[in-house]
Amino acid sequence: MNADQPDYKDTLHLPRTDFPMRAGLPQREPEILARWAEIDLWGKLRADSKGREKYILHDGPPYANGHLHIGHALNKILKDIINRSRQMTGYDAPYVPGWDCHGLPIEWKIEERYREKGQDKDAVPIVEFRRECREFADHWIGVQREEFKRLGVLGDWDNPYLTMNYEAEAVIADELGKFLMSGALFRGARPVWWSAVEKTALAEAEAEYMEHKSTTIWVRFPVVKAADPALEGASVVIWTTTPWTIPGNRAVACHEDFDYAVIEVTEVAEKTGATVGERLVVARNLVAATCEQAGIAAHEIVATLPGARIAGSTCAHPWRGVEGAGGHYDFDVPVLSAEFVTDDAGTGFVHIAPGHGADDWHLGRANGIEIPETVGEDGCFHDFVPLMDGAAVITQEGKDGPANGTAIREIAKAGKLLAKGSLRHQYPHSWRSKAPLIFRNTAQWFISMETNDLRAKALQAIEKTDFYPKAGQRRLYSMIESRPDWCVSRQRAWGVPIPVFVHKETGEPLRDQAVVDRIVAAFREEGADAWFTSDPSRFLGNDYDSGAYEQVRDVVDVWFDSGSTHAFTLEARADQQWPASLYLEGSDQHRGWFHSSLLESCGTRGRAPYDAVLTHGFVMAEDGRKMSKSLGNVVVPQEVNDKYGAEILRLWVVSEDYSGDLRIGEAMLKQLTDYYRRFRNTLRWLLGNLAHFDPAKRVDPKDMPELERWVLSRLSAMDGVVRAGIEGYDFNRIFRELHEFCAVDLSAFYFDVRKDSLYCDAPDDADRLAALSVLDTVFDCLTAWLAPILSFTTEEAWLARTGAADDNSVHLRQMPEIPAGWRDEALEAKWATVRRARRVVLAALERKRNEKAIRANLDAAPVVHASPAIQGALATVDFADVCITSDIVISDADAPDDAFRLDDVEDVAVAFARAEGEKCQRCWKVLPDVGAGPDAPDVCGRCAEAVKHMPAAAE
RNA sequence: GGGCCUGUAGCUCAGUUGGUCAGAGCGCACCCCUGAUAAGGGUGAGGUCAGUCGUUCAAAUCGACUCAGGCCCA
């Protein structure tokens, strides 16, 4: 610009706003959070929506033992987006966050502290131990609460639900009481990892696998009832690494798909356990290995048959009829088929001792086989087990006891020992004493799946529940369909006690509602500690002799705790409602919270505690693999907050399809910031222009130009997208469509086209006022639509426009009601045509630009040769404005041969021409009437007129 | 090993009941603007639709298998 020319910039209505382009989210977000706290946004929302239909998203409780990871962030942000979007579409959506507080991981942490101090946990009074657990959980609840709030998650953070609240502990006991009273809670037995040294059960995760040398044996189980004639007179051969479990044997398992061989021994080696002429059955591809081990020098294969034809046979226990056993082992040993049988070692037959193995136990239960108790808590055989002499499996010093030797000797004496060997393998040991563990049958409490038709009720409830995505329904269904009874007891300290008394003589649990009620009342007042600090008579009252009852010392499985959250939160709280509208968690919770809540609720209330279940996938690193510290690809939410802002995480949640696994990494975060900038700058430009808008001069839609009405129609369509997305939890679609709307419809088209009018027209020019009116509406819509997602930025923009009064927040708004008349599909179709023609013009000008014929499009005034149909569309349109050229000619003449065309746009050809005239120094269009006005020699007529109407240069 | 799920351009996603050359946005390259400026506009290059084999006149879309990844089990 020449220095001697007047600067017209001050006469333009350029965007003016304090809303910065650079968000500074890491700094700004905490300020916005502070304001929400200060104005009590949560309280205002509640007051605002009082009496509206409730939308209850019941929070699945995270575990209170560490900082949040990215999965927590995904989960809570998604919940927040759903709650906010429901709140803005006519519901009252009071979100109560919760925490899971009891359980093993916290217990471990406390035990670890003891170990570090050289203290013994068992020497500490249980109530003291529990107090430390409680404090530990309390600490992490505080930490996580702040981390969740930092993500912008709105909720009743001052009154969350905690499974360790006294009220919750009371309700959990009460719920368990319902199962007790209905007869569904019963005492059964199941094998658990057991340490004979500590005389305690260990959790799976407490077992340390270390190398161990085990004695292996091959044992004959004579077939007494053959399912196939080929098995007559033969012995099934089993192989085991735990000879001491033979007394507990009650079955043999084979695999129905494996081929088995019946062999006849024809020659034996010098050292052998086999006899010439005997028939043995082993898996076909283990025949050679077995023969070698047993010293069988030669054999004949008498028959081969699949496991399917062996299953159903009956064998004799190796000690059937043995002297001194008193007929104890004379029971039948059925051959069952089982999937877990392998043929990579052993004989293809697995000896099943239901009291000494998980597979064994499941198979035994599935087939109605008794689960014998053979070993006491000190690791020694019970005296009533014949032939074992009370031998120790594991000694109190943590060494192998004599039980293996005793068993092997007796098997050999009975003539059933085919071979013996040894094996080094990984075997579980106690993490405390380092002694080998054994699987031992123990008394446990179960909730029956069949009593009161729990399984059937649960399956029916699943069918009545909506699942997002749909596949979750089948997943949960098949789990419930096949699951065993629910083992709810844990031999632990940090949990809600199983509030049951068992009669010492009958072994029957006491079922008396009055007793349950007294327990619940005590828990409500003092917490579940009351169970450990009170004399049993406090609960038993005068009706029972406390000496006749044993007080159960087990605590309940934490899944029962969280399965009861619906009872002590949805039912108990006045602001909540039962059942929940939605449960939302990671897809692993089909096995967890969805599952336990369903069973708990069906068992006590006959239906699911939720109307719908939504699952999200897991967060992977950028390459689609699991995040792991060793790979260094872990994304931590706190770091994203500090570097990019929580808003970027919120955007991330909706930028992906959360029904499957999601990914996150540096490259994606960069892309997300680009998405963010598009939204932010769209709002910024709107704000800048709206600074010039006087609502009193709002133009009615019916008086607007077509282009403005087209925008309104697009808004109407977007409204449909937003509402459908909220309804169906498809926020990815909302995000995608809104982003495209901002980028393509608005920024690249509507804004670009209307800049001329908005910046240059006279203040009260009708078209300019219409455009401003539309911008106001667009702003109104976008801030509301994006508010659930970009909760910080929309608030910032909204306050920038409407003022930061204490009762003002974008989150107190409802989604805008779009008048039905705005949608005009014919108009949208017409403008689709206009934009197709525009594309040809822009492409033609691009070519000229590359040829250096023009620079800006305003240098051109092309001739558009179009078909009559397209001319019809362009007739009512200022096509030069639309193409941002200084002039344009629509011609019905045949296009010259060198006219520009696009392959995919028929009937439009563009012939290039430069714009005629001088460049207006104000609007930069090249026009013939520049300088026509005497006062303004370097501007066009329109601008001369506009400047005249400007009240002052510094508007 | 079993159940369930996922696999479309560098990235995030669309692709209705199988049938116009597989689409969008972003990113990228190049050009323009410099009155949305750590912004804005335009043009363009990118894909054996994980792979193989089938069904069909016709498959990204149906079936089987394989590979890779995930969740839950064993």
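In what follows, chains are A, B, ... by sequence order, proteins preceding strands, each numbered from 1. Computed from a prediction, not measured in an experiment: that's the story for all the values here.
- Which of B:U43, B:C71, B:A36 sits closest to the side chain of A:Met21 comes down to B:A36.
- The NE2 atom of A:His595 sits 14 Å away from the C1' atom of B:G3 (whole-angstrom rounding).
- Salt bridge status for A:Arg678 with A:Asp674: absent, with no side-chain N to carboxylate O gap under 4.0 Å.
- Ion pairing between A:Arg942 and A:Asp765 fails under the 4.0 Å rule for side-chain N and carboxylate O.
- Here the C1' atom of nucleotide B:C13 and the CD1 atom of A:Ile664 are 17 Å apart, to the nearest Å.
- Checked against a 6.0 Å centroid threshold, the rings of A:Tyr675 and A:Phe735 count as neighbours.
- For B:G46, the glycosidic angle deviates from 0 by 90° or less, giving a syn base.
- Salt-bridge annotation for A:Lys848 and A:Asp859: absent, with no side-chain N of the basic residue lying under 4.0 Å from a carboxylate O of the acidic one.
- The pair A:Lys755-A:Asp752 meets the salt-bridge criterion, with a side-chain N (NZ, NE, NH1 or NH2) lying under 4.0 Å from an Asp/Glu carboxylate O.
- Residue contacts shown for A:Asn850 are limited to sugar-phosphate atoms, with no base heavy atom under 4.0 Å away.
- Using a cut-off of 4.0 Å between Lys/Arg side-chain N and Asp/Glu carboxylate O, A:Lys925 and A:Asp881 are scored as salt-bridged.
- Contact of A:Trp924 with B:G35 (side chain to base): a donor-acceptor pair of N or O atoms is detected under 3.5 Å.
- Taking every side-chain heavy atom of A:Glu846 into account, B:G42 is the closest of B:G25, B:G42, B:A14.
- As the counterpart of B:U17, no nucleotide is assigned, since no Watson-Crick or G-U wobble pattern has both distances under 3.5 Å.
- Each of A:Gly624 and A:Ala856 was matched to the nucleotide of RNA chain B holding its nearest heavy atom; the match closer to the 5' end belongs to A:Ala856.
- Using a 4.0 Å heavy-atom criterion, one finds that A:Arg483 contacts no nucleic acid atom at all.
- Rounded to an integer number of Å, the gap from CZ of A:Arg625 to P of B:C71 is 12 Å.
- Comparing B:G63 with B:C21, their C1' atoms are spaced 27 Å from each other, to the whole Å.
- Each of A:Gln589 and A:Asp752 lies near RNA chain B, and the nucleotide nearest A:Asp752 is the one positioned closer to the 5' end.
- Taking atom NZ of A:Lys470 as the reference point, atom P of B:C4 lies 17 Å away to the nearest angstrom.
- Stacking of A:Arg835 on the aromatic ring of A:Phe749 is recorded, both the 6.0 Å distance cut-off and the 45° axial limit being met.
- The base-pairing partner of B:C30, taking Watson-Crick or G-U wobble contacts with both distances under 3.5 Å, is B:G42.
- Computed from coordinates, the A:Asp623 CG to B:G70 C1' distance equals 12 Å when rounded to whole Å.
- Looking at the side chain of A:Ala743, the nearest of the listed nucleotides B:C71, B:C33, B:G25 is B:G25.
- Distances shown here put a side-chain N or O of A:Lys626 below 4.0 Å from the OP1 or OP2 atom of B:C71.
- Between the side chains of A:Trp593 and A:Asp100, no donor-acceptor pair is found at a separation under 3.5 Å.
- Listed nucleotides: B:A14, B:C26, B:G3. Nearest to the side chain of A:Ser478: B:G3.
- In this structure, the nucleotide among B:C31, B:C13, B:U43 sitting nearest to the side chain of A:Glu656 is B:C13.
- Between A:Lys755 and B:A36 there is a side-chain polar atom (N or O) within less than 4.0 angstrom of OP1 or OP2.
- Taking 4.0 angstrom as the limit, A:Tyr477 places none of its side-chain polar atoms (N or O) nearer than this to OP1 or OP2 of B:C4.
- Within the nucleic acid shown, A:Tyr675 comes within 4.0 Å of at least one base atom, counting heavy atoms only.
- Between A:Arg849 and A:Glu846 there is a salt bridge, since a side-chain N of the basic residue sits under 4.0 Å from a carboxylate O of the acidic one.
- As a whole-Å value, the separation of A:Glu622 CD from B:G27 P is 16 Å.
- Distances shorter than 4.0 Å separate some side-chain N or O of A:Arg684 from OP1 or OP2 on B:U37.
- Nucleotide B:A36 is matched to nothing when pairs are restricted to Watson-Crick or G-U wobble geometry with both distances under 3.5 angstrom.
- Summarising the base pairing, B:U52 is matched to B:A64 through a Watson-Crick or G-U wobble pair whose two defining distances lie under 3.5 Å.
- Looking at the side chain of A:Arg22, the nearest of the listed nucleotides B:A38, B:G25, B:A14 is B:A38.
- Comparing B:G70 with B:U12, their P atoms sit 16 Å apart, to the nearest whole Å.
- With both ends at atom C1', the span from B:U61 to B:G7 equals 15 Å, rounded to whole Å.
- Between the P atom of B:C11 and the CG atom of A:Leu669 lies a distance of 15 Å, rounded to the nearest Å.
- Taking the P atom of each, B:G23 and B:U16 are spaced 14 Å apart, rounded to whole Å.
- In this structure, A:Ala667 reaches neither bases nor backbone, as no heavy-atom distance under 4.0 Å exists between it and the strands shown.
- Across all strands shown, B:G70 is found opposite B:C4 as a Watson-Crick or G-U wobble partner, with both distances under 3.5 Å.
- Closest to the side chain of A:Arg839, out of B:C26, B:U43, B:U37, is B:U43.
- Nearest to the side chain of A:Arg475, among B:C71, B:G40, B:G35, sits B:C71.
- With B:G35, B:C5, B:A14 as the candidates, the nucleotide lying closest to the side chain of A:Asp657 is B:A14.
- Residue A:Lys852 has a polar side-chain atom (N or O) positioned under 4.0 Å from OP1 or OP2 of B:C32.
- With P as the reference atom, B:A60 and B:G3 are 28 Å apart, rounded to whole Å.
- Residue side chain A:Arg663 does not reach the base of B:C11 through any donor-acceptor N/O pair under 3.5 Å, judged by distance alone.
- The gap from the C1' atom of B:C57 to that of B:C49 amounts to 22 Å, rounded to the nearest Å.
- To the nearest whole angstrom, the two C1' atoms, one in B:A39 and one in B:A50, are 40 Å apart.
- Rounded to an integer number of Å, the gap from CG of A:Asp745 to P of B:G41 is 12 Å.
- Not a single donor-acceptor pair, N or O on each side, falls under 3.5 Å between the base of B:G25 and the side chain of A:Glu740.
- Among the heavy atoms of the strands lying under 4.0 Å from A:Asn732 are primed sugar atoms or P, OP1, OP2 only; no base atom is included.
- No engagement by A:His590 is indicated, since no non-hydrogen atom pair under 4.0 Å with the nucleic acid exists.
- A distance of about 14 Å separates the P atoms of B:U20 and B:A58, rounded to the whole Å.
- Residue-level contact check: A:Arg474 touches the backbone only, with heavy atoms under 4.0 Å from sugar-phosphate atoms and none from bases.
- The side-chain tip of A:Arg680 points at the ring of A:Phe19 from less than 6.0 angstrom away and within 45° of straight on.
- Across all strands shown, A:Arg855 has heavy atoms under 4.0 Å from sugar-phosphate atoms exclusively, and none from any base.
- With distances taken from any side-chain atom of A:Ser747 to the nucleotides B:U37, B:U43, B:G40, the minimum falls on B:G40.
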